[in-house]
Number of protein chains: 2
Amino acid sequence: MARTVLDRSDAVRALAGVFRRRGFESGSLSVIQQETGIGRGSLYHFFPAGKTDMARAVLDEVRRWFDENVFEPLRTTEDPAEAVTAMARVVDEYFTSRNRVCLFAAMTLGDEQDAFAEDVRRYFADWIDALAATLRRGGVTEPAAADLALDAVATIQGALILARALDDDAVCHGVAQRTNARLRSALTGH
Amino acid sequence: MARTVLDRSDAVRALAGVFRRRGFESGSLSVIQQETGIGRGSLYHFFPAGKTDMARAVLDEVRRWFDENVFEPLRTTEDPAEAVTAMARVVDEYFTSRNRVCLFAAMTLGDEQDAFAEDVRRYFADWIDALAATLRRGGVTEPAAADLALDAVATIQGALILARALDDDAVCHGVAQRTNARLRSALTGH
DNA sequence: GTCTATAGATCGATAGAC
DNA sequence: GTCTATCGATCTATAGAC
């Protein structure tokens, strides 16, 4: 029997898949073991504190991905309209290629809710703030920018629920497109 | 010790509370027993198939509530603008008074997902369809009405996630208000 | 119709060989 | 670093007294 040696980031990737498919609580160590092919010993080698460590590692990776591919581009892309459109496209691709599940949103329900409440809060607050700042750079005045950004993030998150409920990726694509259009039409010069 | 005799609807109400607070999977029979004060024997008397029966009973009650207080009013209220505004108000009140949790949305994640997939699909499809029909009665043309309705339901559902994440009911109130305004401004004569 | 006691399965986590 | 074996706790569900 082959003994596969893997590093922590392989394990985190595999865990993220299981958690997206089964949820945090349903994904028991037995199914994690089966679906990832990683033995119990290895899991506890990489994540000594067990399931909580695994959840934290997965959320940290998601957070890093959004920092790099969503939040930072929103802040640094010169043209606000371009920044908004890129966000819509990137986020749509991300979620449709990952079972239409946002693991931070999943963390707002269930047992471990409290343990990660601050991380969840910061993830959504940072997303909304980065988008609102982009809108302000594009000429949208303060209270409107904050509302528009919050509504946009809410609509995207709700689209994930509907896409799962209706089993239809087109829901995500349509919402991404219309959210993009709505945000761009709020920018000056449109 | 008092022996309280209760009927099934009392049990369903108590169960809904537990599921909203703890989620479907986290709410084990032990915590259900503790938090509802209903003994194990009684629970299996009312719900012979166990937890799945409990989940179905709770979802059925939620479904009935929405049929009566949301879907039917959308279809029968004469003035479309009035119907839309009533929906926004009623839904906002419902969710903010129930831990900001939509149990049908919660069912799109986790273990029992498959068992209730059809009920979940129908709940959201009926909501979107009823709202789209109201918009059409108000003069909105077909493709736009469907998109507007879907986006509205998505935004409301996403607002629940953000309200939990940011621990702030104002998110729900703000989204309800702006969704109402956006829908009304799409109706003819605005 | 409600209770307690408990069966049987599965859980998360640990130990120790290799 | 990975494995298997296994612990104690907890889970859902059942049985039987009242």
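Letters A, B, ... mirror the listed sequences (proteins, then strands); counts begin at 1.
- Summarising the geometry, the separation between CZ on A:Phe46 and P on C:dA13 is reported as 17 Å, rounded to the nearest angstrom.
- A salt bridge is absent between B:Arg63 and B:Asp119; no separation between the charged side-chain nitrogens and carboxylate oxygens falls under 4.0 Å.
- At whole-Å resolution of the value, CD1 in A:Ile32 and P in C:dC11 are 10 Å apart.
- Atom NE2 in B:His45 sits roughly 16 Å away from atom C1' in D:dA15 (whole-Å rounding).
- Checked for salt-bridge contact, A:Lys51 and A:Glu112 miss the test: no charged N lies under 4.0 Å from a carboxylate O.
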Can you tabulate the close N/O pairs, meaning under 3.5 Å, that link protein atoms to atoms of nucleotides 4-9 of chain C?
none

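- Atom C1' of nucleotide D:dA15 and atom CG of B:Leu43 are separated by 16 Å, given to the nearest angstrom.
- Counting only heavy atoms from C-beta on, A:Leu29 has its side chain closest to C:dA13 among D:dT2, C:dA13, C:dT2.
- Computed from coordinates, the A:Phe47 CZ to C:dG12 P distance equals 15 Å when rounded to whole Å.
- A salt bridge links A:Glu118 with A:Arg122: the closest approach of a Lys/Arg side-chain nitrogen to an acidic carboxylate oxygen falls below 4.0 angstrom.
- Salt bridge A:Asp151/B:Arg178: present, at least one basic N to carboxylate O contact under 4.0 Å.
- Listed nucleotides C:dT2, D:dT12, D:dT2 differ in distance to A:Ser42; the shortest reach to its side chain belongs to D:dT2.
- Summarising the geometry, the separation between CG on B:Asp111 and C1' on D:dT12 is reported as 13 Å, rounded to the nearest angstrom.
- Following rounding to the nearest Å, B:Asp10 (CG) and C:dG1 (C1') show an atom-to-atom distance of 14 Å.
- Taking 4.0 angstrom as the limit, A:Ser28 places none of its side-chain polar atoms (N or O) nearer than this to OP1 or OP2 of C:dT10.
- Listed for the A:Thr108 side chain is a donor-acceptor partner under 3.5 Å among the backbone atoms of A:Ala105.
- B:Glu25 has its CD atom 13 Å from the C1' atom of D:dC11, to the nearest Å.
- In this structure, A:Phe95 and A:Phe66 have tilted ring planes: the angle between them lies in the 30° to 60° band.
- For the pair A:Arg75 and A:Trp127, the cation-pi criterion (under 6.0 Å, within 45° of the ring axis) is not fulfilled.
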